[in-house]
Every structure is written in C-alpha cells, then in structure tokens.
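What follows is a set of notes on a single structure, which appears directly below.
Here is how names work: the chains are called A, B, and so on, in the same order as the sequence lines, proteins then strands, and each is numbered from 1. Computed from a predicted model, the values in this text were never measured in an experiment.
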Amino acid sequence: MIVKGARVLDGSANAMMKGKGTEDDRPWQSYHTVYTTAKAGMELVDKEKVQRVVYEMSKGSKYFQNEERKEAFIKQKIDNLRIQCANLTQEDLAHYQKVADRRIVELEASRDLSRIWLHVDMDAFYAAVETLSNPTLKGKPMAVGSMSMLSTANYEARKFGVRAAMPGFIARKLCPELIFVPTDFKKYTYYSDLTRKVFGRYDPNFIAGSLDEAYLDITEVCRERNVKSEEIAQELRAGVYEETGLTCSAGVAPNRLLAKVCSDINKPNGQYVLPNDRMAVMTFVSSLPIRKIGGIGKVTEHILKGVFGINTCEQMLEKSSYICAFFSQSTADFFCSVGLGLGQTDSPQVRFRKSISSERTFSATKDEVLLHKKLEELAEMLSADMQKEGLSGRTLTLKLKTASFEVRTRAVTLQKYISSSEDILKHAKKLLQAELPISVRLIGLRVSQFNGDKCSAKSDPTQKTITNFITSGDVNRNCSSFPDVADHDFVSNAETDMSIDSRQTGQLDWRDPFDGNYLSDVDYQSCTVQKSDGVEEVQTSSNDATSSHYSGLTEVLGSTSYLGQVEGINVKNGSNLLEDERLDSCCQEKTMLWLNDYKCSLCGIELPPSFVEERLEHSDFHLAEKLQKEESSIHQKSVPSQSKGQKDGVTRQSKSKKQKLSQKEGSYTPIDYFFVKK
DNA sequence: ATACATACC
DNA sequence: CACTGGTATGTAT
C-alpha cells in the first residue's frame, strides 16, 4: 500500500523541469487563478485560450504583481520542502512510515458507514434566480455581479470560460455579449428560503451552508419510508423545482465531505449516489483529484503536487510517510482521512458566529481625511449589523489592503465589550493612525470575542466535546471527525439570522479536537471566567473557575500534557507546557531533548536524527527562548518603559534565529514553515 | 493575544 | 477605467 522513498522525488523533478521549459514560451500557463480551474459546465472550454486572455488582461497590474509575489513565495516553499524531502534518510522514512501506518489504522477504525448524507447545491443560483425574474435572459450568456467582480455566471456564459470570482472586465473580454446583472440579495434570500422549506421535509435539522446549498442527514427518511437514497434525492430535487422553478444537483454519500464532492459530479440538474460501502468509497477516492476535496484549495494542491507528487486522494495514503514527516498531526490526519474517504457523519452541534465584519474597496488613496471618512462609515455599518444581532465584542481588528494589494491586519483587545459606532470608531482610529501614512484600496473592521460567546461554559459545544473526549478516552472518534462543510454566507442580511445560529458548519479543515484550538478554549475560558479587572492570568487558580462546572481543568490539562508527550500533538501545545525545570534539565543534557529519537521533549516538534545541525539549532532556539523569557520577566515589571525596548531587541534576535531555523529545519507541521518573509 | 495566510461561496 | 465581501480557521510568533 505504501510507496517508499526516493522514486517519488525523481518523478516530481522531471515534472518540474518540463514545466519550466514551456513556461518561457507560454507565460500564461504559470499564471493560475482560482477561476481558471474547471467548474461544472466548462468541460468544453478552450482552457488555453481562457488562460491567455486572463493573463493578458491582468499582466503588469498591481494585482498581478501581488499574485506573482505570492506565487514566488509558494514556489520557494515548495523548493525548500523538496530539499528537506531529499534529506530524509531511510531510517527517517521507516520511522514516519510506522507513524503513518498507525494513524491510518486508527482512522480506519473510526469509519462510520451508518449514516446517509445528502448535499444539495443549487445550479448557478443567483443567475438562475435572475433569469426567473427576467425570462428574456434565458439562453443568453449572463453573469451576476459587476465589472470588478462576478458572483456567478450561467451555463451559457461558462461556455466562454466566464466564471464566478472572475472580474467582470475579463469576463467581457472572453464573452463580449455577456449580460451583466447586479446582485440582489433580497431575491436570492427569498428563493433560498423556499428551497429550505423543501429541505426541511427530509431533515428538519439540515445544515444550511450559504444561500444555495445544504447538507441533509437522510438516514431516517430512507429507513422510515423504506426508500433508496437515490429516490429521496430525486424527489427532493423535484420538490425544489416545483416550489421554485429552479434546478439543483445532489450528492449522496456516507459522509458530508464525500456528499459534497458527489453533488458536483452530475451538475447541473443531476445527482450522484455513492453507496455506504467501504470498497465503493475506496474506489471512488482512488482516482479523485485532491482539489475536489473541500478544504484543499489552490495553494495546498500546488504544495502537495509539487513536493510529493500527490494528485489523487489515493496518493495521500501512498505518500503518508512524507505527510506525517512534514505536517502537523491534525493536518496529516486530515490528509490521510481524505485518502480513506472519511468525513464527518455526526449531526453537528449548534455553533455560534465568532466574528462579524464589514469591509469596502475603493480607489486607492492616502488622503487621511478620506480614509477617516471611510472608517467612520464602516464603523457605522458594522455597529448597525451588530445591533441587529445584539452582539458586542472586545476584540477589534482593522484590515487594510494597500495600493499594492498587500493585506495588513491590526488588532486590539479591550477590557470592555463594545458595539456602538462611536466606540468602534474611537479604537479603529487609533489602529489606523499607527499605520499612516499609507495608501490603501480597502478598509475593513471586524469585531470578535463576543459577550457571552465562550464565557458561558454550559452553552459551549466544544467544551462538551473535550469533556466527552477526556472521560471516554476515545482517541479515534475525535481525531477522525472533521468538519467538512464549507460554510459561507456571503450575505450579511437579516433574513438568514436564524440560519446563522442553527447551522453547523465548521469549515474546511484539518483540525482535530485536540489540537491547539481546543486547548486554547480551555485556557481562555479559565481566563475569562475570572476576569474581573481585565487582568487575565493563566494559572492554576483557574481550577476554581472550572471545578464548579465539571470535573476540573487540572484533569484536562493533565491528560493533555500526557498526550502531548506521547502523541506529540503540536508545537503550540508543547510550548504551553513549558516549564523552566524541564527546560533547564534539557538544555543541560541535550541527549534528553529528543524523545524516541525524533521528538523534542519541549515543544513536540519532530526532527529526524540525521538532521544533526538542525537539531543543534533547535536546541539553541529553546535556549534563546528561555533567555528571552528571563530577560523580559526581569525587566518588564520593574521598568516598564525600558522593558519595551529590551523586549523588542530580544524578540528581534529570536525572530531572526527562528527564520534561519525555518529554512533549514522544518520537519513537522507547517506548510508555511519555509515561508521566508521579507 | 496578534499577524498572516488559506479556503469557501 | 478595472481583481469583492463575510466568516472560519490554521500556523507562527
């Protein structure tokens, strides 16, 4: 099942060389945008021509230059990873092979074929709705959106290569006859509600994604009525058409991740059923391109293909040793589960919105009066949206996109919760002020850390998950259940308020319940529960806060700490567990640093024994970190004003050190590990 | 906690 | 002329 070793690299190397040769002759081939990937209804499109037009229209623009910059980073990342790949010894590979095989067995054991999931996706939704209200559009190429951006295009337009997320002016070049229709969310929401009434007949707890898609657990309907899933899908689609006059496509599969893939197969106005059978699933994923999987986008596809030669889901398993060597456990778990065709099967708990934001693009300016005005308008829009939902939060994030398309975010977390436009503006101004002078083309404001968000332990579903996990000790179940729903609601309207609260949807994700997030939640909880003066301390006194509601935080942390050493969870968890004693002893005895020959006992990072220099540097890093901590704790409290300078100095040193490490080391988690910042 | 990046529609 | 907007989440510091 598992392919070992060096062959892999040879293959990719050849592919790379070939790609390079053609690049000079046909430069457009290297310019990849999200909308040049084929979508349903675009099979007959002359992709070469589309790419050329897109390239010609973009070439030289500020946007294009920024894309080139990003592409260059990714290329470098890939190159570095390939070098690291080549540096792995046979012993390293054997080790990671074992790790991978064990994970795959565990993931396989978690497979659940008992549920039947249906994913329903409206066909060219916005465009179809607009055609309903204006039938003269029927049969003509048409797109919803503006000259700067399209939301969707109908199938006639797609024949020309016109696609959602494509700028309108490029679309017009591809299809001069293209009719532009402005977006009208009220209309889409109205029709969306009609479709959801139909969905509710089959699963009252269906998960609404955006306006045009939903996940239904049809296990019960199939059983109660003794009908095949195929017939349910057929009937549901007919029902939607009856109620709305709109067509949709459906996918049926044992889990949500696969159901989503399936709904795309016979689009438009079609359906595909993948039976609840292990062999059927394995066959299905064996040839499935990884890009079809929700959560694997342009960048991840490039990396997996460029570094490991992975194109299909099956190859995720074939290259699992490399995957386990180079990615965090949660990421590796996700990739491996993709190879196994696993996905979420549970009926999701209720989740709440975590942030609310508002942003606007305008012609780039550095006029501070103008920028201030934009900021004021945003603060008012955001505040209005927040009042509508009764939200207030304590973290405010300012987002800026410079004239050169570089994105910056600046955030503050406040003592008190804010929601008024005055409060928002007051703090937003300060954030903006610090960035001036600057020429920007977009400003955005986001508020998060809501009042009553994570504070109330009872209503927090993740809390329950952790508790269940700890008490049951069931590792597999938790590790293998990935939220696979793409959640997006690019509407900010009142109509969907209910659905925001009731829908589930995690997003992509290669995250499992016990990587950093969950622990952060616990930590955070202990902080906020007892925050009274805004002085938040993470410490053992948090027991007081948690013991009241359940068995106690120490138990959670204790268990985690155990797992942290045994399983190596991830760097972040490991560093949470840092203790000076351990640090001391480990720095004194470097031989003790590497557990099992691979794992750093301090942070959990894995580094093969053959990476001698890297290991030394890694030890130095911990030493530097320790020194930095000591420095800042000495200076911070006694002389606050000086401590900042001191701390900055130390931070900078340590940062450059880490960057150096980043380029050479890189055994473990990060996709971005070799990402060299300028 | 903050910054940045990726992903989804 | 000219490349969105809203939300979630992963990774690193």
Candidates B:dC9, C:dT4, C:dT9 - which lies nearest the side chain of A:Glu213:
B:dC9
Please work out if A:Leu150 contacts a base, only the sugar-phosphate, or nothing of the nucleic acid, heavy-atom cut-off 4.0 Å.
nothing
May I ask you to say what A:Lys298 touches in the nucleic acid, namely base, sugar-phosphate or nothing, with a heavy-atom cut-off under 4.0 Å?
sugar-phosphate
Could you tell me whether A:Tyr55 and A:Phe64 have their ring centroids closer than 6.0 angstrom?
yes
For the side chain of A:Phe169, counting heavy atoms from C-beta on, which of C:dG6, C:dC3, B:dA1 is nearest?
C:dC3
For the pair made of CZ in A:Phe405 and P in B:dC4, what is the distance, rounded to whole Å?
18 Å
Contact class for A:Ile293 vs. all strands (heavy atom < 4.0 Å): base, sugar-phosphate, or nothing?
sugar-phosphate
Quick one: list whatever passes side-chain hydrogen bond (donor to acceptor under 3.5 Å, both in side chains) with A:Asp123, sequence neighbours left out.
A:Thr247, A:Ser249, A:Lys267
Looking at B:dC9, C:dT11, B:dA3, which one has an atom nearest to any side-chain atom of A:Ala411?
B:dA3
Separation of C:dA2 P from A:Met57 CE (nearest whole Å)
11 Å
Measure from the side-chain heavy atoms of A:Arg408 and tell me the nearest of C:dC3, B:dC4, C:dT7.
B:dC4
Closest to the side chain of A:Thr300, out of B:dT6, C:dC3, C:dT7, is B:dT6
CD of A:Glu406 versus P of B:dC4: gap in Å, rounded?
8 Å
side-chain hydrogen bond (donor to acceptor under 3.5 Å, both in side chains) with A:Thr361: which residues, sequence neighbours excluded?
none
Identify the two heavy atoms, one from A:Ile207 and one from A:Pro348, that lie closest to each other, and give their separation to 0.1 Å.
CD1-CG, 3.2 Å
Starting from C1' on C:dC1, measure out to CZ on A:Phe180 and report it in whole angstrom.
14 Å
